[in-house]
Amino acid sequence: MTSLAGRCLFRAPVRLPMKAVVPSVSRATARSDRNPMAEDMHPYRTHTCGELRSEHVESTVRISGWVHRKRDHGQLLFLDIRDDFGITQVVTDVSSALFEEMEKVRLESVVRVTGKVVSRSPETVNPRLLTGEVELRAESFDVLAAAAQVPLQVNSDEDAGEEVRLRYRYLDLRRERMHRNMKLRTDVISAIRRGMEDQGFREFQTPILTASSPEGARDFLVPSRLHPGKFYALPQAPQMFKQLLMMGGFDKYFQIAPCFRDEASRADRSPGEFYQLDFEMSFVTQDDVFNAIEPVLSNVFNEFGGGRTVTAPPYPRIPYETAMLKYGSDKPDLRNPIEIADVGEIFQGSGFGIFAKAVGKGSVVRAIPAPGAAAKPRSFFDKLNSWAQKEGKPGLGYIVYGEDGAAKGPIAKNLDAERLERIKTEAGLRNGDAVFFVCEPVKEAARFAGIVRTRVGEELEVIERGAYKFCWIVDFPMFELDEETGKIEFSHNPFSMPQGGMEALETQDPLLIKAAQYDIVCNGVELSSGAIRNHLPEVMYRAFAIAGYSAEEVEREFSGMLNALKYGAPPHGGCAPGIDRIVMLLADEPNIREIVAFPMNQRAEDLMMGAPAEVPAERLRELHIKLALPPKRQDETKTSVTG
RNA sequence: GGGGGUGUAGCUCAGUUGGUUAGAGCGCUGGCCUGUCACGCCAGAGGCCGCGGGUUCGAGUCCCGUCACUCCCGCCA
């Protein structure tokens, strides 16, 4: 925390119209000593608003900044002047000719104050300000840029509505929280760059105007003036380019890569565009990839995580199937100590008919331990039961194991002692714990047990705070069955190497083949997915054939990539953690827009710049585009263009 | 595309069972105040209660529609 503040304070800003942003104290002092109201003083400032200390007392200085707050005592006036570096209190009184003008100035106006630094009397020192030991007695005052009444209060923590915040983002960015978040973001990104470069990665740029990719999300299209009827696409990720760089013989690539997807937004998913730490390495195994990125992430999280504990490398590696069973999710939050157990077999042929019958029909039973919940009142269990009913379930059965070891509850009555003991063992329960049950077909059982695990963890407050818990989810299935069409599809990235290579593709049940595909997860947030890539064209053809693509189709869709593979591609792999989500975790913000300077709103509109926007008919003509708008609103139909 | 929440002063919000002139804090304007640091005190301006329709003697409040913002599902290889 303190290192952060220090960094912000003394970092050299880029956009300031002078050489020495934080001029040496002695120089500034010496100058003003020669000529107190120095004409050769910098036109805007000799010091920043976060800089003045006791040692500056008696020197004449100049600061510029925004009027953060006014305290008008009638005969005595305080102005807090704010800039990127801090706040300095300026004082004047009625004996000064400046008093009237300073009293009138509106909040958020940009002003310049020249005057003498004076020390504050001990009882008026403000320990919460970096500059709180001193204040500036104004000897000259100018409004450099007057502010209109602001639509949101910069000097307040009170949350403004998001629409207002986005429309006036430049004001929102002045506020402390956004200012802190944006500085964190830039600092995190430069730390990541340093970390990657230290590991021997080189940063490359890849095209922004590229070809539409047939798989995955919808892409944004860019019309071509020179090629009527043809479109570029913005990259959803530089996936193919980074692989092509490997084939170009570069050993280790990375990029803070902009990615564009025309998909709906979520709180943790920004609409339109986001950034990935995209990287790729040649001649590597999965372990090599993990070993390369784990220290970079751990270092960044240790440096900027505000003292929270961080998983030390190597991170736990959890097979996909295990994750679905034990956590009911492929992005488990390991801060929650609860682990789900599979107990369907124990209910088979038991006296608890509902579960016994369902298991006979192929359902499974998952046990979700509730540590210490035996001490909870009946209402606790009732509350969870009615919550489950609201989620569309018949209810949420449970057994309570009392401190004396006796099993209680409606289900317990129908189970014999041996089964009750086996459940206790299988689910890792102790006396004083309770356990909830989910009985559903396997996929739904995993999903819902995962939700119950989270809910129970929250209710019992057993989720560890102050920690970043990382893990890898590995061994994703290569293919999956589309439930509607019954067809086999790639379950993730079609360019991943199937585990077992060609032999596996030719001899195994496709649905049992695992891919060399992995996700990195932190605190239940999926940071990225990655893979060891398929670098062999014949294996690629075979994999696509299983997913129902003919060789011709593959060649048509992926010709650039396939051709490159035919000229000797190194075995390679990589990963692409999301920068925005990393910063979100570090800033402890629940919404991704809080860590993006100029985000679009949920409907992918930029309210400040007015994007997207209609364009003049002339531009459309030039692009050979004719609009065919939906006949929804009358005022919109007018804009359709012929030509 | 679907579901939930919200929409009242420049900003954040309150507004009871449908009942007189719609309130508060901050900001804004004016007045008082020489040591505050979220300064304090007094006064004032500021409202198409998102918009349209309906029910009613009467609607910020109830109903229908619509728009906007937001959260979630679908989607995001």
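Keep in mind that the numbers below use all heavy atoms, side chains included, and drop hydrogens, waters and symmetry copies. In what follows, every chain begins at residue 1, and chains take the letters A, B, ... in the order their sequences are listed.
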In whole angstrom, give the distance that lies between atom [atom1] of [X] and atom [atom2] of [N].
X      : N      : atom1 : atom2 : result
A/R175 : B/rA38 : CZ    : P     : 17 Å
A/H68  : B/rC39 : NE2   : C1'   : 14 Å
A/F78  : B/rG40 : CZ    : P     : 14 Å
A/R165 : B/rU6  : CZ    : C1'   : 16 Å
A/Y168 : B/rG10 : OH    : C1'   : 9 Å
A/D519 : B/rC76 : CG    : P     : 15 Å
A/D172 : B/rC11 : CG    : P     : 14 Å

For nucleotides 27-33 of chain B, give me one character per nucleotide, 5' to 3': B if any protein heavy atom sits under 4.0 Å from the base, S if the only such contacts are to the sugar-phosphate, - if neither. BSS---B
Using a 4.0 Å cut-off on protein heavy atoms (strictly under), produce a 5'-to-3' string for nucleotides 69-74 of chain B with B for base contact, S for backbone-only sugar-phosphate contact, and - for none. SBBSBB
Please figure out whether A/R128 or A/E135 has its closest RNA chain B nucleotide nearer the 5' end.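 Counting from the 5' end, the first nearest nucleotide belongs to A/E135.
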Between [N] and [M], how far is it from one [atom1] atom to the other, in whole Å?
N      : M      : atom1 : value
B/rG52 : B/rC41 : C1'   : 46 Å
B/rU16 : B/rC76 : C1'   : 46 Å
B/rA68 : B/rA14 : C1'   : 22 Å
B/rG25 : B/rA38 : C1'   : 12 Å
B/rG15 : B/rG60 : C1'   : 8 Å
B/rG30 : B/rC67 : C1'   : 40 Å
B/rG47 : B/rG23 : C1'   : 11 Å
B/rG5  : B/rA45 : C1'   : 34 Å

Could you note down all residue pairs passing salt bridge (charged side-chain N to carboxylate O under 4.0 Å, His left out) where residues 531-553 of chain A supplies at least one of them, sequence neighbours left out?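 Qualifying pairs, neighbours excluded: A/E280-A/R533.
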Which pairs with one or both residues in residues 120-131 of chain A pass salt bridge (charged side-chain N to carboxylate O under 4.0 Å, His left out), sequence neighbours excluded?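 Qualifying pairs: none.
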Scan side-chain atoms only and decide if [X] and [Y] contain a donor-acceptor pair under the 3.5 Å cut-off.
X      : Y      : value
A/Q602 : A/R266 : no
A/T114 : A/E139 : no
A/Q255 : A/T206 : yes

Whether A/R69 side chain and A/N155 backbone form a donor-acceptor pair below 3.5 Å: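 Yes, because the side chain of A/R69 sits within donor-acceptor range (under 3.5 Å) of the backbone of A/N155.
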When the aromatic ring centroids of A/F490 and A/F479 are compared, is their separation below 6.0 Å?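 Yes, close enough.
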May I ask you to check whether A/Y320 and A/F476 place their ring centers less than 6.0 Å from one another?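 Between A/Y320 and A/F476, the centre distance is under 6.0 Å.
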A/F448 vs A/W387 aromatic rings, parallel, tilted or perpendicular, using cut-offs 30° and 60°?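 Judged by the thresholds at 30° and 60°, the geometry between A/F448 and A/W387 is parallel.
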Touch check for [X], heavy atoms < 4.0 angstrom, all strands: base, sugar-phosphate only, or nothing?
X      : value
A/E123 : nothing
A/R137 : base
A/P151 : sugar-phosphate
A/T124 : base
A/G161 : sugar-phosphate

Going by the rule ring-ring contact (aromatic ring centres under 6.0 Å, His included), which residues pair with A/F241 if we only count those two or more places apart in sequence or in a different chain?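 Scan of A/F241 (ring-ring contact (aromatic ring centres under 6.0 Å, His included), adjacent residues dropped) gives none.
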Sub-4.5 Å side-chain heavy-atom contact between A/L79 and A/F141: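 Yes, at least one pair of side-chain atoms sits under 4.5 Å.
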Flag the pair A/T48 / A/D84 as yes when at least one side-chain heavy-atom distance between them is below 4.5 Å, and no otherwise.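 Not touching, per the 4.5 Å side-chain cut-off.
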Just wondering, more than 12 heavy atoms not from A/Y232 lying within 6.0 Å of its OH?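 For A/Y232, atom OH is not crowded (no more than 12 foreign heavy atoms under 6.0 Å).
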OP1 or OP2 of B/rC39 less than 4.0 angstrom from a side-chain nitrogen or oxygen of A/R71, does that happen here?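 Checking A/R71 against B/rC39: at least one side-chain N or O falls below 4.0 Å of OP1 or OP2.
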Is there any protein nitrogen or oxygen under 3.5 Å from a nitrogen or oxygen in nucleotides 41-47 of chain B, and what are the pairs?
none

